[in-house]
Amino acid sequence: MSRIQEQLDEGMKLVLEDLGVEIINIYKAQAPRATGKLQNSIRSKVVVKNGQYSLSFYYIYYGVYVDLGTYSNADTASYGLSPWEMPPWNARPGRGGKGIRPRYWTSLSEDAQELQDWLEKKVQDLVGTTLDDVLNGFTTRSQRNTA
């Protein structure tokens with residue numbers, strides 16, 4: 001691997017780590033604050049496997065229940081969706097029915113354009129070219145995991 005490729009790889013990893021911080025800030029603002037355990041548990045990690053980059057998020061086990069609801073209030077159709085495709089964040093899910101109503105605190109659907117613009121600027125600063133040109137050589141995905 002060339003030195004330029006190594007620098008580009010390291011730069012992309014740093015950009016994705018920065019993106020993880022930006023997304024964590026959104027998640028912490030959208031997560032419920034009853035005890036603060038959920039907010040304090042949110043973490044991200046950049047994973048490189050076979051030359052492909054992934055940005056994974058981890059949080060306390062019950063975060064998924066607060067996110068998508070439980071029992072008769074569960075939004076099973078949204079389970080497994082990317083944060084970019086989820087319904088918008090619901091700051092006040094209210095009460096009613098059996099179980100927890102979905103809050104969609106991991107939704108990024110309302111922040112997608114702002115995050116895309118932020119990421120494009122970071123990549124442009126890194127390599128002096130457009131995001132589309134760089135992403136031809138990289139696969140970046142975001143996945144929701146619970147820990």
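Because only heavy atoms are used, hydrogens play no part in the values below, and waters and symmetry mates are left out as well, while side chains stay in.
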Enquirer: Restricting to non-hydrogen atoms, name the atom on Tyr53 and the atom on Val48 that form the minimum distance, rounded to 0.1 Å.
Expert: CE2-CG2, 3.5 Å
Enquirer: Looking at Gly99 and Tyr71, what are the two nearest heavy atoms and their distance?
Expert: CA-CD1, 3.8 Å
Enquirer: Between CD of Gln116 and CG of Asp111, what distance do you get to the nearest 0.5 Å?
Expert: 12.5 Å
Enquirer: Do the side chains of Ile60 and Gln39 get nearer than 4.5 Å, heavy atoms only?
Expert: no
Enquirer: Would you mind checking if Lys121 and Asp125 are paired as a salt bridge, meaning a charged N to carboxylate O distance below 4.0 Å?
Expert: yes
Enquirer: How close do Ile42 and Leu38 get, counting heavy atoms only, and between which atoms?
Expert: CG1-O, 3.3 Å
Enquirer: When rounded to the nearest 0.5 angstrom, what is the spacing between CG in Asn40 and OG1 in Thr35?
Expert: 8.0 Å
Enquirer: Using modelled atom types only, decide if a donor and an acceptor are shared between the side chain of Ser107 and the backbone of Pro87 within a distance under 3.5 Å.
Expert: yes
Enquirer: Would you say Ser109 and Glu85 make side-chain contact, with heavy atoms under 4.5 Å?
Expert: no
Enquirer: Considering only heavy atoms from C-beta outward, does the side chain of Tyr62 approach that of Lys37 to under 4.5 Å?
Expert: yes
Enquirer: Do the side chains of Tyr79 and Asp75 get nearer than 4.5 Å, heavy atoms only?
Expert: no
Enquirer: Among Trp89, Phe57, Tyr59, which residue satisfies the ring pair (Phe, Tyr, Trp, His ring centres under 6.0 Å) criterion with Trp105?
Expert: Tyr59
Enquirer: Does Arg103 use its side chain to pair, donor to acceptor, with the backbone of Ala91 at less than 3.5 Å?
Expert: yes
Enquirer: Let me confirm one number: the OG-OH distance from Ser41 to Tyr58, rounded to the nearest 0.5 Å.
Expert: 13.0 Å
Enquirer: Indicate, with yes or no, if Tyr27 and Trp84 share a hydrophobic cluster defined by side-chain heavy-atom contacts under 4.5 Å among Ile, Leu, Val, Met, Phe, Trp and Tyr.
Expert: yes
Enquirer: Check whether any side-chain heavy atom of Met86 sits under 4.5 Å from a side-chain heavy atom of Thr106, and report yes or no.
Expert: yes
Enquirer: Quick one, Ile100 and Asn73 - any side-chain contact, counting heavy atoms below 4.5 Å?
Expert: no
Enquirer: Minimum heavy-atom separation for Ser78 and Tyr104, please, with both atom names.
Expert: OG-CE2, 4.2 Å
Enquirer: Is a side-chain donor or acceptor of Ser44 paired with a backbone partner of Ser56 at a separation under 3.5 angstrom?
Expert: no
Enquirer: So if you build clusters from Ile, Leu, Val, Met, Phe, Trp, Tyr with side-chain heavy-atom gaps below 4.5 Å, do Val64 and Tyr61 land together?
Expert: yes
Enquirer: Taking side chain as C-beta onward, heavy atoms only, is Lys28 less than 4.5 Å from Ile24?
Expert: yes
Enquirer: Is atom CZ of Arg95 surrounded by more than 12 heavy atoms (other residues, nucleotides or ligands) closer than 6.0 Å?
Expert: no
Enquirer: Would you compute the distance between atom CG of Leu115 and atom CD of Glu110 and round it to the nearest 0.5 angstrom?
Expert: 12.0 Å
Enquirer: Are side-chain heavy atoms of Leu14 and Glu17 found at a separation under 4.5 Å?
Expert: yes
Enquirer: Within a radius of less than 6.0 Å around CD of Glu114, do more than 12 heavy atoms belonging to other residues, nucleotides or ligands occur?
Expert: no
Enquirer: Using atom types as modelled and distance alone, determine if a side-chain donor or acceptor of Asp67 lies under 3.5 Å from a backbone N or O of Gly63.
Expert: no
Enquirer: Any ion pair linking Asp18 and Lys122 (charged N to carboxylate O, less than 4.0 Å)?
Expert: yes
